[in-house]
Protein chains: 2
Amino acid sequence: MDTLTPRQSAIWQFIRDYQAEAGFPPSRAEIARHFAFRSINAVTGHLEALARKGAIELAPDIPRGIRLLDLDRHDAAPPGLPLIGEVAAGSPLLAEQNIQRHCPVDAALFRPRADYLLRVTGQSMRDAGILDGDWLAVHATREARSGQVVVARVGHEVTVKRLWRQGGRLELRAAHPDFADIVPDADTQQVEIEGIVVGLIRADVS
Amino acid sequence: MDTLTPRQSAIWQFIRDYQAEAGFPPSRAEIARHFAFRSINAVTGHLEALARKGAIELAPDIPRGIRLLDLDRHDAAPPGLPLIGEVAAGSPLLAEQNIQRHCPVDAALFRPRADYLLRVTGQSMRDAGILDGDWLAVHATREARSGQVVVARVGHEVTVKRLWRQGGRLELRAAHPDFADIVPDADTQQVEIEGIVVGLIRADVS
DNA sequence: TCGAATACTGTCATTATATACAGTATTGCA
DNA sequence: TGCAATACTGTATATAATGACAGTATTCGA
(Lines give C-alpha, C1' and ligand atoms only; values in the text may rest on other atoms or scores of the structure.)
Protein backbone atom coordinates (compact mmCIF):
# COMPACT_ATOMS: atom_id res chain seq x y z
CA MET A 1 0.00 0.00 0.00
CA ASP A 2 1.03 3.58 -0.60
CA THR A 3 2.02 5.74 2.30
CA LEU A 4 -0.59 7.97 3.86
CA THR A 5 -0.09 11.71 3.87
CA PRO A 6 -0.10 13.39 7.29
CA ARG A 7 -3.61 14.65 6.67
CA GLN A 8 -4.87 11.25 5.66
CA SER A 9 -3.24 9.68 8.66
CA ALA A 10 -4.85 12.24 10.96
CA ILE A 11 -8.25 11.47 9.51
CA TRP A 12 -7.65 7.75 9.85
CA GLN A 13 -6.78 8.21 13.49
CA PHE A 14 -9.79 10.42 14.11
CA ILE A 15 -12.05 7.73 12.72
CA ARG A 16 -10.37 5.16 14.95
CA ASP A 17 -10.78 7.32 18.05
CA TYR A 18 -14.35 8.25 17.23
CA GLN A 19 -15.18 4.62 16.62
CA ALA A 20 -13.67 3.59 19.97
CA GLU A 21 -15.53 6.35 21.77
CA ALA A 22 -18.94 6.14 20.14
CA GLY A 23 -19.13 2.51 19.05
CA PHE A 24 -19.82 3.43 15.43
CA PRO A 25 -17.91 5.37 12.77
CA PRO A 26 -18.32 9.13 12.27
CA SER A 27 -20.31 10.68 9.46
CA ARG A 28 -18.45 12.75 6.91
CA ALA A 29 -20.03 15.87 8.33
CA GLU A 30 -18.65 15.05 11.74
CA ILE A 31 -15.19 14.49 10.35
CA ALA A 32 -15.42 17.80 8.49
CA ARG A 33 -16.53 19.56 11.66
CA HIS A 34 -13.62 18.14 13.63
CA PHE A 35 -11.09 19.35 11.07
CA ALA A 36 -12.96 22.61 10.54
CA PHE A 37 -13.60 21.90 6.86
CA ARG A 38 -16.28 24.12 5.39
CA SER A 39 -17.11 21.51 2.83
CA ILE A 40 -18.04 17.94 3.53
CA ASN A 41 -16.60 16.91 0.20
CA ALA A 42 -13.12 17.56 1.53
CA VAL A 43 -13.72 14.54 3.70
CA THR A 44 -15.10 12.50 0.81
CA GLY A 45 -11.90 13.15 -1.10
CA HIS A 46 -9.77 11.96 1.79
CA LEU A 47 -11.88 8.89 2.35
CA GLU A 48 -11.60 7.95 -1.28
CA ALA A 49 -7.84 8.38 -1.09
CA LEU A 50 -7.73 6.23 2.05
CA ALA A 51 -9.87 3.56 0.38
CA ARG A 52 -7.66 3.62 -2.72
CA LYS A 53 -4.61 3.12 -0.52
CA GLY A 54 -6.20 0.24 1.34
CA ALA A 55 -6.43 1.94 4.72
CA ILE A 56 -10.22 1.80 4.89
CA GLU A 57 -13.15 0.25 3.06
CA LEU A 58 -16.17 2.31 2.07
CA ALA A 59 -19.64 0.79 1.94
CA PRO A 60 -21.50 2.69 -0.79
CA ASP A 61 -24.70 4.52 0.09
CA ILE A 62 -24.45 3.52 3.70
CA PRO A 63 -24.30 6.25 6.34
CA ARG A 64 -21.16 5.86 8.44
CA GLY A 65 -20.20 2.95 6.24
CA ILE A 66 -16.50 3.17 6.98
CA ARG A 67 -14.47 0.13 7.83
CA LEU A 68 -10.98 0.57 9.19
CA LEU A 69 -8.28 -1.69 7.81
CA ASP A 70 -4.54 -1.83 8.32
CA LEU A 71 -4.98 -2.09 12.04
CA ASP A 72 -1.48 -3.34 12.60
CA ARG A 73 0.16 -0.39 10.95
CA HIS A 74 -1.87 2.49 12.34
CA ASP A 75 -3.13 0.97 15.52
CA ALA A 76 -1.14 2.83 18.17
CA ALA A 77 2.04 1.22 16.89
CA PRO A 78 2.56 -2.42 17.76
CA PRO A 79 0.82 -2.78 21.10
CA GLY A 80 2.93 -3.15 24.17
CA LEU A 81 6.52 -2.35 24.86
CA PRO A 82 9.49 -3.01 22.60
CA LEU A 83 11.68 -5.76 23.94
CA ILE A 84 15.43 -5.19 23.73
CA GLY A 85 17.80 -8.06 24.04
CA GLU A 86 21.40 -7.94 22.94
CA VAL A 87 22.46 -4.41 22.15
CA ALA A 88 24.57 -3.98 19.08
CA ALA A 89 27.67 -2.00 20.00
CA GLY A 90 27.33 1.71 19.43
CA SER A 91 23.72 1.58 18.24
CA PRO A 92 20.94 3.49 19.98
CA LEU A 93 19.03 1.23 22.34
CA LEU A 94 15.74 1.64 20.53
CA ALA A 95 17.24 1.00 17.10
CA GLU A 96 15.20 -1.42 15.03
CA GLN A 97 17.98 -3.99 15.06
CA ASN A 98 17.86 -4.24 18.84
CA ILE A 99 14.11 -4.76 19.11
CA GLN A 100 13.38 -8.44 19.33
CA ARG A 101 9.63 -8.21 19.58
CA HIS A 102 6.85 -6.38 21.34
CA CYS A 103 5.57 -7.46 24.69
CA PRO A 104 1.89 -7.12 25.58
CA VAL A 105 2.48 -5.01 28.67
CA ASP A 106 0.80 -1.73 29.48
CA ALA A 107 3.40 1.05 29.60
CA ALA A 108 1.28 2.86 32.19
CA LEU A 109 1.71 0.00 34.62
CA PHE A 110 4.92 1.68 35.73
CA ARG A 111 5.61 5.16 37.10
CA PRO A 112 7.03 7.04 35.36
CA ARG A 113 5.88 5.45 32.13
CA ALA A 114 8.05 2.65 30.75
CA ASP A 115 9.43 3.16 27.25
CA TYR A 116 10.98 -0.23 26.64
CA LEU A 117 11.99 -3.51 28.21
CA LEU A 118 15.64 -4.45 28.52
CA ARG A 119 16.91 -7.97 29.10
CA VAL A 120 19.27 -8.39 32.02
CA THR A 121 22.45 -10.34 31.48
CA GLY A 122 24.46 -11.48 34.47
CA GLN A 123 24.05 -11.41 38.24
CA SER A 124 25.63 -8.06 39.03
CA MET A 125 22.38 -6.65 40.48
CA ARG A 126 21.37 -9.82 42.29
CA ASP A 127 21.08 -8.21 45.73
CA ALA A 128 18.66 -5.66 44.33
CA GLY A 129 16.36 -8.50 43.33
CA ILE A 130 17.35 -8.23 39.67
CA LEU A 131 18.34 -11.59 38.25
CA ASP A 132 19.84 -12.90 35.03
CA GLY A 133 17.15 -13.12 32.35
CA ASP A 134 14.79 -10.60 33.93
CA TRP A 135 13.21 -7.91 31.81
CA LEU A 136 13.65 -4.38 33.11
CA ALA A 137 11.05 -1.75 32.37
CA VAL A 138 13.00 1.38 31.53
CA HIS A 139 11.89 4.99 31.38
CA ALA A 140 14.09 6.71 28.85
CA THR A 141 15.57 9.85 30.39
CA ARG A 142 18.98 11.41 30.87
CA GLU A 143 18.17 12.63 34.34
CA ALA A 144 18.59 10.28 37.26
CA ARG A 145 18.75 10.89 40.98
CA SER A 146 21.30 9.39 43.30
CA GLY A 147 20.23 5.95 44.48
CA GLN A 148 18.20 5.04 41.43
CA VAL A 149 18.87 1.96 39.35
CA VAL A 150 19.82 3.18 35.91
CA VAL A 151 20.63 1.93 32.45
CA ALA A 152 23.95 3.49 31.48
CA ARG A 153 26.22 3.33 28.53
CA VAL A 154 29.87 3.05 29.50
CA GLY A 155 31.94 3.31 26.40
CA HIS A 156 30.28 0.94 23.96
CA GLU A 157 28.66 -1.26 26.57
CA VAL A 158 25.22 -0.97 28.10
CA THR A 159 25.01 -1.79 31.78
CA VAL A 160 22.54 -1.69 34.64
CA LYS A 161 23.80 -0.33 37.93
CA ARG A 162 22.76 1.78 40.87
CA LEU A 163 23.73 5.41 40.44
CA TRP A 164 25.43 7.42 43.17
CA ARG A 165 26.60 10.96 43.03
CA GLN A 166 29.62 11.63 45.21
CA GLY A 167 30.66 15.27 45.17
CA GLY A 168 29.88 16.00 41.56
CA ARG A 169 31.23 12.63 40.54
CA LEU A 170 29.23 9.72 39.16
CA GLU A 171 29.49 6.24 40.56
CA LEU A 172 27.84 3.12 39.17
CA ARG A 173 27.61 0.48 41.86
CA ALA A 174 26.76 -3.16 41.39
CA ALA A 175 24.54 -4.97 43.87
CA HIS A 176 26.65 -8.07 44.29
CA PRO A 177 29.84 -8.44 46.35
CA ASP A 178 31.72 -10.18 43.52
CA PHE A 179 31.31 -7.26 41.13
CA ALA A 180 33.40 -4.13 41.24
CA ASP A 181 31.85 -0.69 41.11
CA ILE A 182 32.42 1.50 38.11
CA VAL A 183 33.90 4.90 38.91
CA PRO A 184 34.32 6.40 35.50
CA ASP A 185 37.03 8.89 34.92
CA ALA A 186 35.23 11.81 33.33
CA ASP A 187 38.17 12.44 31.01
CA THR A 188 38.79 9.01 29.58
CA GLN A 189 35.56 7.05 29.97
CA GLN A 190 32.34 8.32 28.56
CA VAL A 191 29.24 7.58 30.63
CA GLU A 192 25.74 8.32 29.45
CA ILE A 193 22.53 7.71 31.35
CA GLU A 194 20.06 5.98 29.00
CA GLY A 195 17.17 5.72 31.43
CA ILE A 196 15.96 4.77 34.87
CA VAL A 197 14.61 1.38 35.80
CA VAL A 198 10.96 1.71 36.78
CA GLY A 199 9.93 -1.92 36.93
CA LEU A 200 10.78 -5.52 36.36
CA ILE A 201 9.18 -8.52 34.71
CA ARG A 202 10.36 -12.05 35.28
CA ALA A 203 8.82 -14.58 32.95
CA ASP A 204 10.49 -17.70 34.25
CA VAL A 205 10.79 -18.43 37.93
CA SER A 206 12.60 -21.69 38.35
CA MET B 1 -29.59 -4.84 34.80
CA ASP B 2 -32.56 -6.93 33.86
CA THR B 3 -32.06 -10.16 31.98
CA LEU B 4 -32.41 -10.13 28.23
CA THR B 5 -35.15 -12.16 26.61
CA PRO B 6 -33.98 -14.75 24.06
CA ARG B 7 -35.13 -12.50 21.23
CA GLN B 8 -33.28 -9.50 22.65
CA SER B 9 -30.16 -11.57 23.18
CA ALA B 10 -30.31 -12.81 19.59
CA ILE B 11 -30.55 -9.25 18.33
CA TRP B 12 -27.68 -8.16 20.56
CA GLN B 13 -25.54 -10.93 19.13
CA PHE B 14 -26.51 -10.13 15.57
CA ILE B 15 -25.43 -6.54 16.10
CA ARG B 16 -22.13 -7.72 17.54
CA ASP B 17 -21.48 -10.10 14.63
CA TYR B 18 -22.51 -7.54 12.03
CA GLN B 19 -20.26 -4.96 13.66
CA ALA B 20 -17.29 -7.33 13.66
CA GLU B 21 -17.90 -8.23 10.04
CA ALA B 22 -18.66 -4.84 8.54
CA GLY B 23 -16.84 -2.46 10.84
CA PHE B 24 -19.99 -0.49 11.63
CA PRO B 25 -23.34 -1.33 13.23
CA PRO B 26 -26.36 -2.47 11.18
CA SER B 27 -29.30 -0.26 10.34
CA ARG B 28 -32.68 -1.18 11.77
CA ALA B 29 -33.84 -2.22 8.33
CA GLU B 30 -30.95 -4.65 8.08
CA ILE B 31 -31.74 -6.15 11.45
CA ALA B 32 -35.38 -6.48 10.44
CA ARG B 33 -34.36 -8.18 7.21
CA HIS B 34 -32.16 -10.66 9.02
CA PHE B 35 -34.96 -11.65 11.40
CA ALA B 36 -37.54 -11.52 8.62
CA PHE B 37 -39.56 -8.78 10.31
CA ARG B 38 -42.02 -7.13 7.99
CA SER B 39 -41.87 -3.95 10.03
CA ILE B 40 -38.78 -2.05 10.93
CA ASN B 41 -40.46 -0.86 14.07
CA ALA B 42 -40.19 -4.33 15.52
CA VAL B 43 -36.48 -3.67 15.67
CA THR B 44 -36.95 -0.24 17.18
CA GLY B 45 -38.92 -1.81 20.00
CA HIS B 46 -36.20 -4.32 20.71
CA LEU B 47 -33.47 -1.71 20.57
CA GLU B 48 -35.36 0.45 23.05
CA ALA B 49 -35.73 -2.52 25.36
CA LEU B 50 -32.01 -3.29 25.04
CA ALA B 51 -31.15 0.34 25.76
CA ARG B 52 -33.48 0.37 28.77
CA LYS B 53 -31.77 -2.74 30.10
CA GLY B 54 -28.31 -1.27 29.61
CA ALA B 55 -27.16 -3.67 26.92
CA ILE B 56 -26.72 -1.00 24.27
CA GLU B 57 -26.71 2.78 23.93
CA LEU B 58 -28.69 4.51 21.21
CA ALA B 59 -27.51 7.76 19.66
CA PRO B 60 -30.66 9.64 18.69
CA ASP B 61 -31.20 10.61 15.05
CA ILE B 62 -27.98 8.99 14.01
CA PRO B 63 -28.08 6.23 11.38
CA ARG B 64 -26.52 3.07 12.77
CA GLY B 65 -26.03 4.88 16.06
CA ILE B 66 -25.90 1.75 18.14
CA ARG B 67 -23.23 1.26 20.75
CA LEU B 68 -22.82 -2.14 22.31
CA LEU B 69 -22.34 -2.24 26.05
CA ASP B 70 -22.06 -5.07 28.54
CA LEU B 71 -19.05 -6.41 26.74
CA ASP B 72 -17.84 -8.15 29.85
CA ARG B 73 -21.02 -10.19 30.18
CA HIS B 74 -21.42 -11.16 26.56
CA ASP B 75 -17.83 -11.07 25.49
CA ALA B 76 -14.69 -11.75 27.43
CA ALA B 77 -13.98 -11.16 31.09
CA PRO B 78 -12.41 -7.89 32.28
CA PRO B 79 -9.10 -7.69 30.46
CA GLY B 80 -5.93 -8.48 32.28
CA LEU B 81 -5.19 -10.43 35.41
CA PRO B 82 -6.99 -10.07 38.73
CA LEU B 83 -4.78 -8.49 41.34
CA ILE B 84 -4.89 -10.02 44.80
CA GLY B 85 -3.62 -8.09 47.77
CA GLU B 86 -4.44 -8.96 51.33
CA VAL B 87 -6.13 -12.32 51.54
CA ALA B 88 -9.06 -12.54 53.92
CA ALA B 89 -8.51 -15.49 56.24
CA GLY B 90 -10.18 -18.67 55.05
CA SER B 91 -11.51 -17.22 51.81
CA PRO B 92 -10.57 -18.64 48.42
CA LEU B 93 -7.79 -16.63 46.83
CA LEU B 94 -9.85 -15.61 43.84
CA ALA B 95 -12.87 -14.58 45.91
CA GLU B 96 -14.30 -11.22 44.86
CA GLN B 97 -13.35 -9.65 48.18
CA ASN B 98 -9.68 -10.34 47.57
CA ILE B 99 -9.54 -8.89 44.07
CA GLN B 100 -8.31 -5.33 44.26
CA ARG B 101 -8.42 -4.55 40.57
CA HIS B 102 -7.43 -5.93 37.20
CA CYS B 103 -3.99 -5.38 35.82
CA PRO B 104 -3.45 -4.88 32.08
CA VAL B 105 -1.04 -7.77 31.70
CA ASP B 106 -1.28 -10.54 29.16
CA ALA B 107 -1.78 -13.88 30.91
CA ALA B 108 0.05 -15.61 28.05
CA LEU B 109 3.22 -13.69 28.87
CA PHE B 110 4.01 -16.43 31.36
CA ARG B 111 4.38 -20.21 30.91
CA PRO B 112 2.27 -21.90 32.04
CA ARG B 113 -0.43 -19.28 31.81
CA ALA B 114 -0.83 -16.96 34.80
CA ASP B 115 -4.25 -16.93 36.45
CA TYR B 116 -3.78 -14.08 38.89
CA LEU B 117 -1.30 -11.73 40.47
CA LEU B 118 -0.48 -11.98 44.16
CA ARG B 119 1.15 -9.24 46.18
CA VAL B 120 4.23 -10.25 48.15
CA THR B 121 4.49 -9.24 51.78
CA GLY B 122 7.79 -9.54 53.56
CA GLN B 123 11.35 -10.43 52.62
CA SER B 124 11.29 -14.17 53.16
CA MET B 125 12.05 -14.91 49.49
CA ARG B 126 14.62 -12.16 49.08
CA ASP B 127 17.43 -14.45 47.92
CA ALA B 128 15.21 -15.74 45.13
CA GLY B 129 14.90 -12.20 43.83
CA ILE B 130 11.38 -11.80 45.21
CA LEU B 131 11.05 -8.62 47.21
CA ASP B 132 8.42 -7.03 49.43
CA GLY B 133 5.76 -5.37 47.29
CA ASP B 134 6.39 -7.44 44.17
CA TRP B 135 3.49 -8.95 42.26
CA LEU B 136 3.77 -12.65 41.60
CA ALA B 137 2.13 -14.16 38.53
CA VAL B 138 0.59 -17.38 39.74
CA HIS B 139 -0.65 -20.37 37.77
CA ALA B 140 -3.42 -21.96 39.79
CA THR B 141 -2.75 -25.68 40.19
CA ARG B 142 -2.49 -28.20 42.98
CA GLU B 143 0.44 -29.97 41.38
CA ALA B 144 3.92 -28.67 41.96
CA ARG B 145 7.31 -30.20 41.43
CA SER B 146 10.13 -30.14 43.90
CA GLY B 147 12.15 -26.96 43.61
CA GLN B 148 9.37 -24.75 42.34
CA VAL B 149 8.29 -21.58 44.06
CA VAL B 150 4.71 -22.10 45.15
CA VAL B 151 1.81 -20.30 46.73
CA ALA B 152 0.67 -22.43 49.64
CA ARG B 153 -1.96 -22.17 52.28
CA VAL B 154 -0.70 -23.22 55.71
CA GLY B 155 -3.61 -23.27 58.07
CA HIS B 156 -5.35 -19.96 57.44
CA GLU B 157 -2.37 -18.14 56.08
CA VAL B 158 -1.22 -17.80 52.49
CA THR B 159 2.52 -17.93 51.98
CA VAL B 160 5.07 -18.04 49.18
CA LYS B 161 7.92 -20.51 49.57
CA ARG B 162 10.07 -22.90 47.62
CA LEU B 163 8.71 -26.44 47.68
CA TRP B 164 10.86 -29.48 48.36
CA ARG B 165 9.78 -33.05 48.60
CA GLN B 166 11.89 -35.10 50.99
CA GLY B 167 10.88 -38.74 51.03
CA GLY B 168 7.16 -38.28 50.62
CA ARG B 169 7.23 -35.31 52.95
CA LEU B 170 6.62 -31.67 51.99
CA GLU B 171 8.96 -28.88 52.93
CA LEU B 172 8.41 -25.18 52.36
CA ARG B 173 11.71 -23.36 52.45
CA ALA B 174 12.21 -19.62 52.65
CA ALA B 175 14.96 -17.95 50.63
CA HIS B 176 16.40 -15.81 53.39
CA PRO B 177 18.68 -16.89 56.24
CA ASP B 178 16.59 -15.10 58.87
CA PHE B 179 13.46 -17.10 58.07
CA ALA B 180 12.81 -20.62 59.23
CA ASP B 181 11.61 -23.31 56.88
CA ILE B 182 8.16 -24.76 57.30
CA VAL B 183 8.08 -28.50 57.71
CA PRO B 184 4.42 -29.15 58.22
CA ASP B 185 3.34 -32.10 60.23
CA ALA B 186 0.88 -33.84 57.97
CA ASP B 187 -1.34 -34.70 60.94
CA THR B 188 -1.69 -31.39 62.66
CA GLN B 189 -0.99 -28.74 60.05
CA GLN B 190 -2.93 -28.57 56.85
CA VAL B 191 -0.94 -27.52 53.79
CA GLU B 192 -2.52 -26.90 50.41
CA ILE B 193 -0.75 -25.90 47.25
CA GLU B 194 -2.67 -23.02 45.67
CA GLY B 195 -0.47 -22.56 42.63
CA ILE B 196 3.01 -22.21 41.24
CA VAL B 197 4.77 -18.93 40.68
CA VAL B 198 5.38 -18.45 36.97
CA GLY B 199 6.48 -14.83 36.88
CA LEU B 200 7.04 -11.60 38.70
CA ILE B 201 6.20 -7.97 38.16
CA ARG B 202 7.82 -5.20 40.11
CA ALA B 203 6.24 -1.81 39.62
CA ASP B 204 8.48 0.28 41.85
CA VAL B 205 12.20 -0.07 41.77
CA SER B 206 13.71 2.30 44.29
C1' DT C 1 5.75 22.64 -18.41
C1' DC C 2 2.36 19.39 -18.21
C1' DG C 3 -0.32 16.20 -15.58
C1' DA C 4 -1.54 13.85 -11.45
C1' DA C 5 -2.24 13.89 -6.64
C1' DT C 6 -3.34 16.56 -2.69
C1' DA C 7 -6.35 19.65 -0.31
C1' DC C 8 -9.88 21.97 -0.14
C1' DT C 9 -14.99 25.24 -1.05
C1' DG C 10 -19.85 25.19 -2.61
C1' DT C 11 -24.42 23.57 -4.35
C1' DC C 12 -27.84 20.15 -5.01
C1' DA C 13 -30.47 15.76 -5.77
C1' DT C 14 -31.33 11.38 -3.92
C1' DT C 15 -31.79 7.96 -0.64
C1' DA C 16 -30.85 5.75 3.62
C1' DT C 17 -32.59 5.96 8.15
C1' DA C 18 -34.69 7.03 12.51
C1' DT C 19 -38.78 7.88 14.64
C1' DA C 20 -43.66 9.18 15.70
C1' DC C 21 -48.27 7.38 15.67
C1' DA C 22 -51.84 3.76 15.31
C1' DG C 23 -52.81 -0.82 15.66
C1' DT C 24 -53.05 -6.43 17.08
C1' DA C 25 -51.90 -10.49 19.84
C1' DT C 26 -49.75 -12.94 23.70
C1' DT C 27 -47.81 -13.70 28.21
C1' DG C 28 -47.09 -13.18 33.08
C1' DC C 29 -47.98 -10.82 37.28
C1' DA C 30 -50.69 -8.55 40.96
C1' DT D 1 -59.49 -8.53 35.90
C1' DG D 2 -56.46 -5.29 34.43
C1' DC D 3 -51.95 -3.67 33.48
C1' DA D 4 -47.30 -3.84 31.80
C1' DA D 5 -43.95 -5.96 28.97
C1' DT D 6 -43.04 -8.55 24.92
C1' DA D 7 -43.44 -9.07 20.02
C1' DC D 8 -44.78 -7.68 16.23
C1' DT D 9 -47.51 -5.06 11.41
C1' DG D 10 -48.29 -0.79 8.76
C1' DT D 11 -48.08 4.15 7.33
C1' DA D 12 -45.97 8.43 7.17
C1' DT D 13 -42.52 12.12 7.80
C1' DA D 14 -38.47 14.71 8.79
C1' DT D 15 -33.72 14.52 8.46
C1' DA D 16 -29.14 12.42 8.39
C1' DA D 17 -26.00 11.36 5.06
C1' DT D 18 -24.01 10.03 0.69
C1' DG D 19 -22.51 11.21 -3.71
C1' DA D 20 -22.40 13.73 -8.19
C1' DC D 21 -20.91 17.92 -10.41
C1' DA D 22 -18.27 22.23 -10.70
C1' DG D 23 -14.70 24.85 -9.09
C1' DT D 24 -9.66 26.84 -7.01
C1' DA D 25 -4.89 26.45 -5.32
C1' DT D 26 -0.57 24.00 -4.34
C1' DT D 27 2.97 20.61 -4.74
C1' DC D 28 5.79 17.31 -6.98
C1' DG D 29 7.69 14.22 -10.27
C1' DA D 30 8.33 13.36 -15.46
Side-chain angles (χ1 to χ4, degrees), chain A residues 1-19 21-70 73-74, chain B residues 1-16 18-19 21-70 74:
Chain A
M1 163 190 119
D2 305 327
T3 327
L4 301 187
T5 67
R7 205 49 158 172
Q8 289 164 359
S9 187
I11 288 174
W12 196 98
Q13 283 165 40
F14 172 72
I15 297 170
R16 162 166 51 65
D17 297 344
Y18 184 105
Q19 169 97 263
E21 181 81 18
F24 45 84
S27 70
R28 296 166 191 210
E30 284 166 336
I31 301 172
R33 204 174 311 139
H34 179 262
F35 288 95
F37 297 161
R38 310 263 279 281
S39 173
I40 292 172
N41 289 344
V43 177
T44 299
H46 282 123
L47 293 185
E48 279 165 359
L50 284 166
R52 189 166 11 92
K53 292 183 174 181
I56 63 171
E57 255 177 39
L58 288 175
D61 297 325
I62 288 181
R64 300 168 189 268
I66 304 172
R67 175 183 193 173
L68 291 176
L69 299 174
D70 272 311
R73 196 142 15 109
H74 302 271
Chain B
M1 157 188 125
D2 305 326
T3 327
L4 302 187
T5 67
R7 205 51 159 168
Q8 288 165 1
S9 187
I11 289 175
W12 195 98
Q13 284 166 42
F14 172 72
I15 298 170
R16 161 163 55 63
Y18 184 106
Q19 170 97 265
E21 181 81 18
F24 44 84
S27 70
R28 295 168 191 210
E30 284 166 337
I31 300 172
R33 203 174 312 138
H34 179 262
F35 288 95
F37 298 160
R38 310 264 280 281
S39 174
I40 291 172
N41 289 343
V43 176
T44 300
H46 283 124
L47 292 185
E48 279 165 358
L50 284 166
R52 189 164 12 92
K53 292 182 174 182
I56 63 170
E57 256 178 39
L58 288 174
D61 296 324
I62 288 181
R64 300 165 190 268
I66 302 172
R67 176 183 193 172
L68 289 177
L69 299 174
D70 274 313
H74 300 272

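Here is the naming used below: chain letters follow the sequence lines, and residue numbers restart at 1 for every chain.
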Of dC8(D), dT17(C), dT9(C), the nucleotide closest to the side chain of F37(A) is dT9(C)
Please state how far atom CH2 in W12(A) lies from atom C1' in dT6(C), giving the value in whole angstrom units. 21 Å
Between dT17(C), dT9(C), dC8(D), which nucleotide has the shortest distance from any of its atoms to the side chain of S27(B)? dT17(C)
Side-chain atoms of R28(A) come closest, of dT18(D), dT17(C), dT19(C), to dT18(D)
Whole angstrom value for the distance that separates C1' of dT18(D) from CD1 of I56(A): 13 Å
Protein-nucleotide distance (I66(A), atom CD1; dA17(D), atom P), rounded to Å: 11 Å
Return the value, rounded to whole Å, for the distance between atom CG of L58(A) and atom P of dG19(D). 7 Å
Hey, are the side chains of F24(A) and I66(B) touching, using non-hydrogen atoms and a 4.5 Å cut-off? no
After noting the C-alpha distance and the side-chain angles of T5(B) and H46(B), does the key distance pass the side-chain contact (heavy atoms from CB on, under 4.5 Å) rule? CA-CA 10 Å; T5(B) 67; H46(B) 283 124; 5.6 Å; no
Side chain of P63(A): nearest nucleotide among dT6(C), dT9(D), dA16(C)? dA16(C)
Starting the side chain at C-beta, find the nucleotide from dC8(C), dA18(C), dA7(D) nearest to H46(A). dC8(C)
In whole angstrom, what separates E30(A)'s CD from dT18(D)'s C1'? 14 Å
Should the ring pair F14(A) and F35(A) be called parallel, tilted or perpendicular, given that the plane angle runs from 0 to 90° and is split at 30 and 60? perpendicular
Nucleotide nearest R64(A) when distance is taken to its side chain, options dT9(D), dA17(D), dC8(C): dA17(D)
For the side chain of D61(A), starting at C-beta, report the closest nucleotide among dT18(D), dT6(C), dT6(D). dT18(D)
Answer yes or no: is there a donor N or O on one side and an acceptor on the other, between the side chain of Q19(B) and the main chain of G23(A), under 3.5 Å? yes
In whole angstroms, the gap separating P of dT17(C) from CD1 of I31(B) amounts to 11 Å
Of dT17(C), dT6(C), dG19(D), the nucleotide closest to the side chain of T5(A) is dT6(C)
Interatomic distance, I40(B) CD1 vs dA12(D) P [rounded to whole Å]: 14 Å
Between R38(B) and I62(B), which residue's closest nucleotide on DNA chain D lies nearer the 5′ terminus? R38(B)
